[in-house]
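The next block holds one structure in the form of structure tokens; read it before the comments.
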2 protein chains.
Amino acid sequence: MAGLLGGKGANLAEMASIDLNIPQGFTITTETCRIYNTTMRLPDGLFEELRTHLDILETKTGKTFGDDENPLLVSVRSGAKVSMPGMMDTILNIGLNSKTVEVLAKIDERFAWDSFRRFIQMFGDVVLGIKMELFENELSKIKKTAGVSSDQELSAFHLKHLVTEYLKIVYSSYGEFPSDPHTQLIMAVEAVFKSWDNDRAKTYRRINNIPHDICTAATVQSMVFGNMDTNSGTGVCFTRNPSGGTNQLTGEYLINAQGEDVVAGIRTPQPISELQTRMPHVFKELKEVCEKLENHYKDMQDIEFTVEKGKLYLLQTRTGKRTAQAAIKIATDLVQQGIINKKTAVMRISPVHINQILHKQIDPCSKNKENLFTKALPASPGAAVGRIALDSDTVIKMADRHEDAVLVRKETSPDDIEGMHLAQGILTARGGITSHAAVVARGMGKCCITGASDIIIDYEARTVKTNGKILKEGDMLTLDGTTGEAYFGKLDVTEPAFSKDLQLLLSWADGFKSLFVRTNADTPEDAKKAREFGAQGIGLCRTEHMFFKEDRINAMREMILAYDEEGRKKALLKLLPYQKKDFLGIFESMEGLPVTIRLLDPPLHEFLPTDHKDLEIIANRMGVSKEDLQNKINSLREFNPMLGHRGCRLAITYPEIAEMQVHAIISAASELQKQGKEIIPEIEVPLIGSKQELEFVSEIINRTANRIMKRHNTNIKYKIGTMIEVPRAALTAGSIAESADFFSFGTNDLTQMGFGFSRDDSDKFISQYMKKGIFIYDPFQQLDQEGIGELVKITVEKGRQTKPSLEIGICGEHGGEPESIKFFHKAGLDYVSCSPYRVPAARLVAAQASIVDDKAKTDI
Amino acid sequence: MAGLLGGKGANLAEMASIDLNIPQGFTITTETCRIYNTTMRLPDGLFEELRTHLDILETKTGKTFGDDENPLLVSVRSGAKVSMPGMMDTILNIGLNSKTVEVLAKIDERFAWDSFRRFIQMFGDVVLGIKMELFENELSKIKKTAGVSSDQELSAFHLKHLVTEYLKIVYSSYGEFPSDPHTQLIMAVEAVFKSWDNDRAKTYRRINNIPHDICTAATVQSMVFGNMDTNSGTGVCFTRNPSGGTNQLTGEYLINAQGEDVVAGIRTPQPISELQTRMPHVFKELKEVCEKLENHYKDMQDIEFTVEKGKLYLLQTRTGKRTAQAAIKIATDLVQQGIINKKTAVMRISPVHINQILHKQIDPCSKNKENLFTKALPASPGAAVGRIALDSDTVIKMADRHEDAVLVRKETSPDDIEGMHLAQGILTARGGITSHAAVVARGMGKCCITGASDIIIDYEARTVKTNGKILKEGDMLTLDGTTGEAYFGKLDVTEPAFSKDLQLLLSWADGFKSLFVRTNADTPEDAKKAREFGAQGIGLCRTEHMFFKEDRINAMREMILAYDEEGRKKALLKLLPYQKKDFLGIFESMEGLPVTIRLLDPPLHEFLPTDHKDLEIIANRMGVSKEDLQNKINSLREFNPMLGHRGCRLAITYPEIAEMQVHAIISAASELQKQGKEIIPEIEVPLIGSKQELEFVSEIINRTANRIMKRHNTNIKYKIGTMIEVPRAALTAGSIAESADFFSFGTNDLTQMGFGFSRDDSDKFISQYMKKGIFIYDPFQQLDQEGIGELVKITVEKGRQTKPSLEIGICGEHGGEPESIKFFHKAGLDYVSCSPYRVPAARLVAAQASIVDDKAKTDI
């Protein structure tokens, strides 16, 4: 029905059909509007048809349109199939003229003249196209004359005078004021239809992707008045609490008032609960109405009502907006009340809801333009409040003093891990949504804003500047990682909660989803957190982050800078016990679930010292000169490290690195297996581009694993698989699958290489691409389904053709992004893997994708 | 037949079938060898079968195997289907023993005992497995005793004594010497079969990709002797001159000698022409035989013959090896003689032949291990001789003094263009086959060697070191760009020639090929050269190289470093006249043919100054401080410039650059059109990854072109197309084709991004990949058909599906590589484009691909 009658018209028809008391009316269809928009004139016979329906309306209401005794007043309301709030026009109080106003004046003189002057103003503006400011000027003048400051204070006398002045404006601007109610009505209908094509409506449709040809309906409805007497009133209410979600009427009302008075805020409205004492029978009816509406619409409703002389009229009902917490509580409550089923509850929650309640949130009321410091990329959600620290050492010192710190850097490096860990949040001037700071912060579930290119950090002066505002180190700063905004000072924040309701809802979601949800976790702490959030294993454990810790980085550097294999082996031997300990912790926290461990991946120079002090330390430890060491470091530099000596290329040129890592993995797994624990290691080789590479590294893995298992006298069932992150790997997936037990998409690199975009450098031009409309989203945030998605599809098809049992997952940043998850579901992947804090939302989205998919199948 | 009889056996059978006089014989099939290799014994009944064939042989020759009066001697020769020269064994003179030797001795005593001692030695070594050095020691001893220094000087007496000593060796090592000729024969056959599986044969097959199971045949042939008397002799000859290709018998002979004497060099052989006087009837017969052979085999033959008592025997014929020049002359001559058709001539020439004669070549005889300086990557073919110059300024000074220079640098940069242009050749210590030096040198058709990582260049001391050898600036050096070798001093070189024969052959090739061949040319000179070589247009004109010249680089730098659009426009205005002049020259030299011009592509910082002097100059010109300028330069630095702000991303962020270039293109084309010349510009947008990017830039191009055409009052029919070099462009080719008139594959970048290999950094690990057998060739030299080729196929399929008329070419380095050209033909491309000097070979390969393709189709 909504297609023909518009949302509002259909809604009224629907309310009428369940016997709710609504102001009587009828709807002129969207079809009529379409004819009007094509021919620029109302169709023949419309007037006669209107008359017929007015007759019925007059009969139902016992009032007569244009009658001097008992006049019927109507409104004409716009309403398309899709809600476009405030974009099109509505005209109230049609039927008022110098005669009918007098009838109303008998009831309430002030109300009558106020209604009339409002009508002239609205009709003048919307229908006759008279400049609003002409009316506003007159209104200001009369307020001055009356010595009052608000419209509400004007007396009937002044309003009556205002009507005279308003009519003068109409005469001089338009020629005449159409006093005939039928003329008013037909002009109002035409104006509503015309408003479908006003500029703001067109823009709104373009932005929201609403077709231009669905057109609006026009609903003609009899007016009811809450300001007839003290037995009248008006109010708005939610059928449940939209803030917490509890099942109780929430809202407010005013006695002897019109709808807009509730909003205007001149009189303070009463809480809806007091209506029970004031008008018990109305309250009772309202409660029944709410129940009826919830049972009918099967969701919490936001309603507007008017009481005219003790009689309750429903003006409007719609699904009520609510907080994330309320959304989840309401959905689970409705299931338990038997109103909706679990599937519906799961479909009704947005992943945004879940992310909101899992992170600290800044109270929106405490934000304003004056305290905004900068707005940049929302790299990791949540909120952080603390003192500005311009380096990690300062963060550490503040932490020692039990002060909260916010780390503000041009960019972060692996050296900053400790500082990032201790800081409340991170703000960087450079880098995108997948920069070092962003990736690490998301992994930690820590609020982070990146790419704040308008801030200037002066490490010497210890200040942060933007647009002439200067903050000093130690000043308070508040970050909103969900919006990417940073604010001066300390704003109010709400604490996160993984509530019982959410857990219940997600348990239902798990029942629907076919995708497994794993987590990206590099530490036992992250792994534990993710398991609490429902992760079904680790999809990506990056081993490189393990080597950045103070006690390991030096051994790592020695390994890289060694002049021969022997030197490397010596340094690797120092790293082995650390690696084994890492894996023991991670395996234990994921006991019984698969753990995918990626062999060393980044270009080696990422680990190398950049400052002279560190260089000296390493040179001393290695017994070489600083100059020699600097030369060695220079020789490792690359023009394009992202396309350089990294990934499996490291294992191929330095097999001893892979040997050490496999040694650590298999001996950790062996020790735990002996304790009776089930350990499921999946060893992942990064950056594979050809089957031959995988076979070469697999041989190293198998040889080492066999040696270690023999030593421990164990039999670990490990898998060997590969990242699919080089386009060629996708294109030759059929042959690579011959040698792989599993594939895991590294969609960050696949996006980098597929687009030819360095994620470290592309912020500058991607932001321009977005501005110029070339991209509608950043492909590093949301998977580009057309291009990179094609590589995903090719891989799945070719890989499964070779090996139907091939396990395929995704561990890139896109694994936690809702639109991308839906795509991965459709592409037939086995699992997605994302950072711990994104796991709950991923579970939800995976379930929603399954439900939609099943529905699509059933529909066929 | 070759499958069963082996190459040699089949050849002999074939010669017999055309009534040539060959020593009689028969062949034991490869099938027998296969049985032997499986069961390790000769099949039952072989002996009886051998006897039957020996009977026939005895009848034909009138001699009897093992007979004391008129003994038949035979050889057993190995020979597989595929030639494996010297890998397997052959045994001569079978049938000799202490009785039969005496029969021979009646003819020539010395020859008889020499043959016998050779037989014992060969049989002992090959069949009985006795160490060769035992025989060699005895031979040395007897030479000492006889007081002679060479085997040839030993008398019959000494040789007879040697036989006694040799037989002692056989008795003590093996137990007995098999004197029965039938036993000798069966043992020899077994030894030949066994030699199929010796180590050197297995290695040879592995390297040359020859199947292990094709096995060898064994040919039993009666022996003939050229050393019977002065009416006997032996020789080798080519039916045409293998060096220049002229149609005359070329070779040498010896009277009263055995085949190996010709090779041994003790007696100086006579030129074959003298045989005409010495043995006129034999010479006449030989000439007839040669004609017969050429008519039969339809190619120049390399034959071995023996004259026994005035009777001519052919021992062997095979297709003769020849120089590149001869190959082309012979092929064209054979066509003109009506022996082969044009298709066959085209198929018979290798692209290597063409590249050889188009470049200077070093005389192979002047090369030796002692004068080798280094061996690295053969980046651009040809030869160069000149004095070492360690920088471009020195090259320029040497050129002023009319001295030839060879530029030796760690790596080259755009600053070196002038020096590279003036140098005879270039040698760099770093960089691969697609480095700056390599690409520019190939474009110039100049010899270049890159990646000589073992040389150490000391710019201070002005020396070049390798392995302890030191050269000073000014010392002579010779480069062989075809092999990648550099030599001390001045070696002899041959001059290149684009001969009439070659032009004729290529004109035939053009008749067969369906691929067009264009050239990559950035200057009018290159364009002219390429057109001489038969290029059918320009497939890639890189505009960036144009800005590296001294007079332009500063304006270019000003443009890049400008602080706003106005500053950029001011600098671009300085560049405009240069650009227009460039295009005028290029368009004129390619009049009537399409010219694809690529808009600016490289990351901007490639143009920026790196040394302080240049920085100061620019700062002064721009009126800013050096520090500010340095900051600006730093801000343009990228982590991965190859994936950074380049290609169409420049045109999107700085539309004014594209505007200037299009302005120059269209106004140059307009001026020439007004002179009545046909100009066909194709404007190419680099690095497109999505249709939206192309549309954005197309709008700039069309807007600018229309403005300029209006000003000139012309109508230029230009095309707009895109490089396909980003994997995503290939994957979304269907949608990009909607907005493109043509596609041109940039397979260098496609390989970089498809593999995730930076071509600036990957030498190190790709060389390891080759060593470890992970790659069998460098994918930057030869297109990876499995992976990158898949992107090519996807592009062609999707692009043509959208737009069947879409023009598709390739302008990456692979466009000139034979195996890749064949692939591009199969993939259905319209053209390949390569550097001027690769054009002729590309025309040939394109024709060969078509011929093979037609044949494949006919075969179906």
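The chains referred to below are lettered A, B, ... by the order of the sequence lines, with proteins before strands, and numbering in each begins at 1.
Ranked by heavy-atom pairs shorter than 4.5 Å toward chain B, the options A/G773, A/S762, A/G644, A/G689 are led by A/G644. Per-residue counts of heavy-atom pairs under 4.5 Å with chain A were compared for B/I794, B/I774, B/I652, B/T732; the largest is that of B/I774. In terms of non-hydrogen atom pairs under 4.5 Å with chain A, the most contact-rich of B/I788, B/D761, B/L731 is B/D761. Heavy-atom pairs under 4.5 Å with chain B peak, among A/E790, A/K764, A/M753, at A/M753.
For the residue pair B/S739 / B/E695, a side-chain donor-acceptor distance below 3.5 Å is found, with atom types taken as modelled. Defined by atom type and a distance below 3.5 Å, a donor-acceptor pair is missing between the side-chain atoms of A/Q692 and B/Y769.
Of the atoms belonging to A/S635, it is backbone heavy atoms, and not side-chain ones, that fall under 4.5 Å from chain B. Residue contact with chain B, scored on non-hydrogen atoms closer than 4.5 Å, involves the side chain of A/S690 exclusively. With a 4.5 angstrom heavy-atom cutoff, A/F696 touches chain B only via side-chain atoms. Looking at A/Q768, only its side chain comes within 4.5 Å of chain B, counting heavy atoms on both sides. Heavy atoms of B/L687 lying under 4.5 Å from chain A are absent altogether. Residue contact with chain B, scored on non-hydrogen atoms closer than 4.5 Å, involves the side chain of A/S735 exclusively.
Between A/F824 and A/F745, the ring center distance fails the sub-6.0 Å criterion.
When side chains are defined from C-beta on, B/S744 does not count as touching B/R598, because their heavy atoms never get closer than 4.5 Å.
We find that B/R646 and B/E606 are not joined by a salt bridge, their nearest charged nitrogen and carboxylate oxygen being 4.0 Å or further apart.
Considering only residues two or more places apart in sequence or on other chains, A/Q801 meets the side chain to side chain donor-acceptor pair (under 3.5 Å) condition with none of them. A/N634 meets the side chain to side chain donor-acceptor pair (under 3.5 Å) test with A/Q630, A/R637; sequence neighbours excluded. Residues satisfying the salt bridge (Lys or Arg N to Asp or Glu O under 4.0 Å) criterion with B/D784, sequence neighbours excluded, are A/R728.
Using the six-membered ring where Trp is involved, A/F775 and A/F755 have ring planes that are perpendicular, over 60° apart on the 30 and 60° scheme.
Proximity to chain B among residues 453-461 of chain A is not found for any residue, judged by heavy-atom separations below 4.5 angstrom.
B/K632 approaches B/I560 most closely through the heavy-atom pair CE-O, 4.1 Å.
Without hydrogens or angle criteria, B/K410 side chain to B/R430 main chain gives no donor-acceptor distance under 3.5 Å.
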